[in-house]
Structure formats: C-alpha cells, structure tokens
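Below is one structure, written out as structure tokens; comments come after it.
If you're wondering where the values come from, they're calculated on a predicted model, not measured in any experiment. The chains referred to below are lettered A, B, ... by the order of the sequence lines, with proteins before strands, and numbering in each begins at 1.
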There are 2 protein chains.
Amino acid sequence: MAEAAGGERKIVVAVDESEESTYALTWCLTNLISSNFKDTLFLVHARSPPALYTGLDGSGYMLSSDTVATMEKYGNVVAESVMKKAQKICRDLAGDIRVDTRVEGGDARDVICQMVERLNADILVMGSHGYGLIKRTFLGSVSNHCAQNAKCPVMIVKKPKSPAS
Amino acid sequence: MAEAAGGERKIVVAVDESEESTYALTWCLTNLISSNFKDTLFLVHARSPPALYTGLDGSGYMLSSDTVATMEKYGNVVAESVMKKAQKICRDLAGDIRVDTRVEGGDARDVICQMVERLNADILVMGSHGYGLIKRTFLGSVSNHCAQNAKCPVMIVKKPKSPAS
C-alpha cells in the first residue's frame with residue numbers, strides 16, 4: 001500500500017450517476033484535499049458490463065446484438081455524463097487540482113479495488129450507496145466490499161437525508 | 001449531520017488496544033488533520049460491558065461478583081492504557097492539536113455511533129478490524145456497522161500487512 005510520501009497523494013473517487021456519489025466528491029474536495037499535500041484526483045467510473053444483464057441464475061437473457069449494442073452505447077453515454085459532471089465539480093470547488101479520469105467496464109467492486117491497486121492510491125473516497133438497490137441487494141454493498149478489500153484507507157461518505165434526521 | 005462550517009471540525013477516532021487502531025490514529029494525524037481547518041480530535045474507547053460476558057445464547061455464565069469486579073477493573077486498566085498511548089501519539093505527531101477523550105462502557109458499535117451523534121462529529125476514523133476475532137465473527141464487523149450507521153463520513157483505515165502484499 002502507498003504511503004503519503006513526499007506530500008504527494010493519489011486520491012481515487014468512485015463516481016456514478018447517484019446523488020450520493022456527487023456528495024462524496026464534493027465532500028472530498030472540501031474536506032480531504034489539503035494545501036499540505038500535492039493531491040491528484042482520479043475519478044473512477046465502472047460501466048456495467050454486458051455480463052450484468054444476464055439472469056441472476058446465470059442463465060442469461062436472449063438479448064439480440066442490437067440490444068447489447070444499445071446497452072453499451074447507453075453505458076458510454078452515462079459514463080461521459082458522469083465524468084463531465086464530476087470534472088465540473090472539481091473545477092468549481094478546487095480549480096487548481098490535478099484531475100484524471102478512468103472509465104472501465106466491469107462490476108463496480110472489482111473495477112474500484114483493481115484501480116486502487118493499479119494506481120497505488122493513498123485514499124479511496126466513495127458514497128455508501130449508489131449502484132442501485134437491486135444490484136446492492138443481490139451483490140452486497142459496494143462500499144462494504146471496498147472498505148474490506150481495497151488496498152488503501154477508504155472514506156465512505158453518506159449523503160445526509162435531512163437536517164432533522 | 002454536521003458540515004465543516006467555519007473551518008472547525010470534530011474528528012472522532014475510535015481507539016482500542018489493537019495495532020490497527022494505532023495505525024488508523026497515526027494515519028489520521030498525518031493525512032486528515034490539516035492546517036486548513038481547526039480540528040478537534042475526540043479519542044473514543046468502548047469498554048466491554050459485563051453483558052458481553054454472558055453466553056452466546058443469552059443464558060449467562062455464573063460469574064461471582066468478584067469476577068465481574070476483576071473484569072471491570074481490567075477494562076478500566078485497558079482503557080487507561082489505550083488512552084495514554086493514543087494521547088502520546090497525538091502529542092508526538094501533532095503537538096498543537098486539541099485532543100479530548102471519551103471512554104464508555106458498551107458494545108463498540110453502539111458506543112462509537114452514539115458518540116458521533118452526540119458530538120455532532122464531522123468525520124469518524126477507525127481501523128477495519130480490531131475488537132477481536134471472536135466478537136467480530138458473532139457480532140459482525142464493527143467498521144461495516146459504523147460505515148453504514150454513523151451519522152457522518154467514515155474513514156476506514158487498514159494496517160498494511162507487508163510491503164509485498
């Protein structure tokens with residue numbers, strides 16, 4: 001695992017289309033980014049692979065190649081939109097920070113943990129939910145998985161429900 | 001949930017006798033504490049309550065009052081030792097930071113989450129393990145529970161096993 005040697009840190013932020021992910025990124029920029037360090041932010045987005053459109057018993061749906069192509073195109077559009085929004089937030093809140101982006105197809109849990117390892121990241125930041133209720137129910141919480149398996153400290157940021165809650 | 005308004009933050013660090021907890025505190029002091037903020041560190045330690053010495057089926061062991069008293073005394077000695085060690089680390093790594101301590105009897109999951117809420121903390125920092133293998137197996141991971149239930153962002157810091165891993 002990487003240490004914050006020489007004041008340079010690689011911070012991976014997992015981003016998706018959820019409000020919680022936006023909140024986690026905002027929180028990171030206002031609370032974690034520090035003038036004490038030379039931080040580089042890596043915005044990482046996991047695009048669902050066609051494999052995730054198979055049935056839960058692994059039997060698979062009979063999807064036409066047109067349908068698969070449409071789904072992949074949709075995944076690319078979502079990824080582009082997520083990244084544009086995330087980059088804008090970075091510019092607005094921390095204009096001078098170095099930002100890099102990574103989009104990979106695959107299960108979010110694997111994509112995020114592998115990216116942390118490949119980049120030798122110092123910190124992983126992510127929302128506690130996101131990635132949809134159904135997927136979470138069947139695959140388990142992405143954040144729990146990453147908190148246990150990512151090879152760096154993990155910051156789990158929950159979006160507050162309301163001031164009264 | 002508290003926001004980091006006016007640059008003042010309350011950071012709760014869960015401390016116990018594990019090496020991982022020591023590592024999490026050290027990581028917090030070198031990575032999270034920032035001159036951008038006026039941070040106050042709250043070192044929180046959960047002392048196991050007598051209730052945890054009952055059997056797993058709730059039947060309870062027949063413990064003499066002497067045994068209970070000895071266990072409580074042991075809990076106090078551990079708490080004092082944990083806090084002394086944690087305070088020394090704070091002095092050594094961030095001499096000018098404000099540090100407060102809280103020791104409460106109870107299950108670590110409840111003590112930590114309740115303390116976060118009572119203090120209206122901005123960040124909770126903790127190790128991913130600690131609290132003993134047996135308790136973790138039967139009660140579930142303390143860090144998973146806190147990541148899902150604490151009313152603030154949660155930083156889970158794992159002690160790296162070895163440089164090669």
Practice task
Using modelled atom types only, decide if a donor and an acceptor are shared between the side chain of A:Lys158 and the backbone of B:Ala150 within a distance under 3.5 Å.
Solution key: yes

Handout entry: Rounded distance [0.5 Å steps], CH2 in B:Trp27 versus CD1 in A:Ile123
Key = 3.5 Å

Exercise for the section: Please flag which part of B:Ile11 lies under 4.5 Å from any non-hydrogen atom of chain A: side chain, backbone, both or neither. Expected result: neither

Fill in the blank from the handout: Honestly, the part of A:Cys146 sitting under 4.5 Å from a heavy atom of chain B is backbone

Practice task
Enter the distance from A:Asn31:CG to B:Asp122:CG here, rounded to the nearest 0.5 Å.
Solution key: 7.0 Å

Practice task
For each of B:Val157, B:Val125, B:Val154, tally heavy-atom pairs with chain A at distances under 4.5 Å, and name the one with the top tally.
Solution key: B:Val154

Completion exercise
Interatomic distance, CD1@B:Ile156 vs CE@A:Met155, rounded to 0.5 Å, equals 9.0 Å

